[in-house]
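Convention: sequence-line order gives letters A, B, ...; per-chain numbering from 1.
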Amino acid sequence: MTTAVLWLRRDLRLGDHPALAAAQDCADEVVPLFVLDDVLLGPAGAPRRAFLFRCLRDLQERTGGALRVLHGRPQDVLPDLVRRVGASNVHISTDAGPYGRTRDAAVAAALGEVPLLDLGSPYAVTPGSLTKADASPYRVFSPFFRAWQERGVRGPAVAEGPVRWTDGGVPTVAVPDDPDLGPVELPEAGERAGLARWREFADADLADYAEQRNRPDADRTSQLSVYLKYGCVHPRTLLSDLGEGPGPAAYRRELAFRDFYADVLWHAPDTARDEVQAPMSGLSYDTGPEAERRWEAWVTGTTGYPIVDAGMRQLAGAAWMHNRMRMVTASFLTKDLHLHWRRGAAHFLALLRDGDLPSNQHGWQWVAGTGTDPSPYFRVFNPVRQGREHDPDGAYVRRWVPELRDVAGAAVHEPWLLPGGVPTGYPERVVNHADERVVALERYAQVRG
DNA sequence: AGGCCCTTGAC
DNA sequence: TCAAGGGCC
């Protein structure tokens with residue numbers, strides 16, 4: 001009887017797992033393992049932690065209770081488990097995530113002669129593996145995207161026949177209780193739920209995704225980000241199932257963006273907090289009591305700009321925000337309120353159920369003009385224009401900002417123009433967009449010399 | 001080396 | 001139309 005250890009990092013799925021297929025080639029039974037380290041138990045946002053814990057409970061059920069959950073650092077707890085189940089035939093999948101390399105080296109050293117089988121990233125296709133001809137990493141999306149498409153993506157791995165799960169006689173710790181979520185509701189966790197969501201999206205919304213994806217009032221995005229983050233579904237599976245046409249092409253491009261940012265951060269882990277464009281770290285930001293009041297207004301969705309407030313209230317109330325609203329609210333924080341993108345990015349990570357380091361930090365950097373694309377610093381989103389363009393009937397604003405529910409149509413985007421003035425309970429604007437836009441441009445000009 | 005290109009914008 | 005400079009081949 002030979003045993004394999006399936007070390008699930010954030011790839012919390014069984015259906016198309018390459019490690020599982022590999023394990024079945026050389027072992028009779030499999031011990032599924034998840035290591036809860038302090039990062040996952042500590043400062044991670046409550047929605048993400050709750051979703052993770054629910055995924056683990058789902059896996060526990062699907063493996064007939066065999067899933068082992070260990071608490072500690074992988075390099076400390078793995079060797080003991082490996083020794084208990086018999087080290088001669090153990091295979092382990094590894095992670096190619098941004099910080100995976102250091103940890104993998106520590107784990108490999110701790111395991112000694114036991115092979116660590118590298119099967120790629122659990123949640124993206126290419127991090128660390130695509131470079132330019134001179135072996136340097138890409139810094140601009142479009143060339144990356146061309147290379148990514150040219151390279152192609154291998155199909156999902158399929159295990160042969162049913163798997164014999166075993167707990168290997170290894171003790172486990174209980175999956176923690178969900179943290180308090182308040183009014184936030186999460187989608188159903190786990191691989192089956194993720195695949196069901198994919199089929200729903202592919203049948204109903206994929207065809208006109210290219211036009212509909214920018215409409216926060218329509219709710220026709222895939223909602224798969226949280227499943228992708230935890231590897232409940234792998235992009236490989238989606239890509240192999242995607243088909244052709246404008247909708248699928250647009251979706252493929254979004255999946256490539258995940259890979260691009262994962263790749264950027266893999267090559268330059270420091271850019272999780274430092275500006276990609278080094279000179280931009282000299283940008284000046286507002287500080288002091290007034291700046292703090294403006295921060296508070298942004299966080300609580302009381303800036304007086306309806307589209308911004310709707311986005312921020314969706315974030316707080318749903319632990320999710322439509323992608324276009326992420327750009328609009330991020331632009332408002334950095335360019336209208338002159339506060340640091342890093343602070344906004346940390347706030348997003350704390351509240352978003354799908355908050356993922358590469359996409360979040362580099363999405364923010366892109367909006368802030370400090371990121372991988374060198375051009376857009378002079379683009380300042382106009383909140384009124386964005387509202388009128390992408391929420392033309394005002395339905396999204398009314399859904400999230402009850403003070404404005406009685407205002408019909410697109411007029412909801414400029415409540416200060418209403419004949420009766422700003423409705424009771426809704427705040428006046430914290431800043432004047434036209435003025436702050438000029439201030440922002442001046443500050444960028446200073447840095448650029 | 002030179003020339004083409006660059007995620008989603010605004011006035 | 002504007003914007004500007006560097007990535008990329």
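Put simply, the side chain of A:Tyr261 does not reach to within 4.5 Å of the side chain of A:Asp263, judged on heavy atoms.
Within 4.0 Å of A:Phe257, counting heavy atoms only, lies at least one base atom of the nucleic acid. Base contact: A:Arg213 has a heavy atom under 4.0 Å from a base atom. Within 4.0 Å of A:Tyr261, counting heavy atoms only, lies at least one base atom of the nucleic acid.
Ion pairing between a basic and an acidic side chain is recognised when a charged N comes within 4.0 Å of a carboxylate O; A:Asp38 and A:Arg73 show no such pairing.
Considering only side-chain N and O atoms, A:Asn382 lies under 4.0 angstrom from the phosphate OP1 or OP2 of B:dC11. OP1 or OP2 of B:dA10 sits under 4.0 Å from a side-chain N or O of A:Gln386. Close to C:dG6, at under 4.0 Å from its OP1 or OP2, lies no side-chain N or O of A:Arg139.
Side-chain N/O atoms of A:Gln314 and A:Tyr396 include a donor and acceptor closer than 3.5 Å. At a cut-off of 3.5 Å, with distance as the only test, no side-chain donor of A:Asp309 or A:Trp400 sits close to an acceptor on the other residue.
Residue A:Asp134 contributes atom CG, which lies 9 Å from atom P of C:dC9 at whole-angstrom precision. Atom OH of A:Tyr138 is separated from atom C1' of C:dG6 by 16 Å (rounded to the nearest Å). For the pair A:Arg146 CZ and C:dG7 C1', the computed distance is 11 Å after rounding to whole Å.
Secondary-structure stems of DNA chain B, taken as three or more successive Watson-Crick or G-U wobble pairs (i with j, i+1 with j-1) under a 3.5 Å distance threshold, comprise B:2-6 with C:5-9.
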